[in-house]
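Presented below is the structure to which this report refers.
The structure displayed is predicted, hence computed values, not measured ones. Hydrogens, waters and symmetry mates play no part in the numbers below; they use all other heavy atoms, side chains included. Order of appearance sets the numbers: ligands from 1, and atoms from 1 within every ligand.
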Amino acid sequence: MTEARNKFQQAERDLGTKQSQLKTEEDDLAKDYGRDEIFRALKDKCVNKDAGEYTYELCWIGKTTQKSKKGHGNVGMGNFVRIDREMSDEEERHDGKGLGTGERIVLRYEDGQACWNGPRRKTDVWLACAEKEELWRVSESEKCVYKMEVGTPAACEHVSEVKSVGKDEL
Ligand code: MAN
């Protein structure tokens, strides 16, 4: 009798575990990974940028972080929420490490650590086509609103698609 009850309880626990795994997979499927799910492959991969007092980190479809080099800890700059497109109007750079002009993919990261006396931190992650994945620069346009400029091969596919399928189909 006890053995039967134990087995039943174990089966119930296994079911619970499977159900929560199923829920995780379903949530993941419902997430927006972009056209043709380009960003699914990059999920949880991170790129860093050394910048003065901080090291900045972008984790694809994860979060953005400002890490203090002076041991003041990490500050969350936002969690991935969605993929947008926006026009960029920037001068080309000599080294090619810039957004340039035209439509670019922008990943929105929101609800980061609250700013002192202000809103929660957020990051707009602008992507441009590049051979090598690299976090080019990070700026803070207004307090606790950050912009990351990133070169990635994932943005190249988009550019060629725009050319081949036509803009209004996107
Ligand atoms: C820290 C950093 C800055 C930010 C201020 C706001 O110093 O996160 O980027 O501007 O806090 O108080």
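- Of the N and O atoms on the side chains of Q10 and D14, at least one donor lies less than 3.5 Å from an acceptor on the other residue.
- Between F80 and Y109, the two ring planes are perpendicular [angle over 60°; tilted spans 30° to 60°].
- Protein heavy atom at the shortest distance from atom 12 (O) of ligand 1 is K143 CE, 3.8 Å.
- Those atoms of ligand 1 with a heavy atom of Y146 less than 4.0 angstrom away are 3 (C), 4 (C), 8 (O), 9 (O).
- For the residue pair W126/E90, the side-chain donor-acceptor check at 3.5 Å is not satisfied.
- In this structure the side chain of K147 reaches within 4.5 angstrom of the side chain of L99, judged on heavy atoms.
- When heavy-atom distances to ligand 1 are checked against a 4.0 Å cut-off, Y54 comes that close only through its side chain, counted from C-beta outward.
- Contact between R121 and ligand 1 is present, with at least one heavy atom of the residue lying under 4.0 Å from the ligand.
- Side-chain atoms of S88 come within 3.5 Å of backbone N or O of G100 as a donor-acceptor pair.
- If you number the atoms of ligand 1 from 1 as listed, the ones under 4.0 Å from a heavy atom of E140 come out as 3 (C), 4 (C), 9 (O), 10 (O).
- Atoms of ligand 1 lying under 4.0 Å from at least one heavy atom of Q66, given by number and element, are 2 (C), 3 (C), 8 (O), 9 (O).
- At a 3.5 angstrom cut-off on N or O pairs, W116 does not count as close to ligand 1.
- Separation of atoms SG (C46) and CG (L58) is listed at 7.5 Å; rounding is to 0.5 Å.
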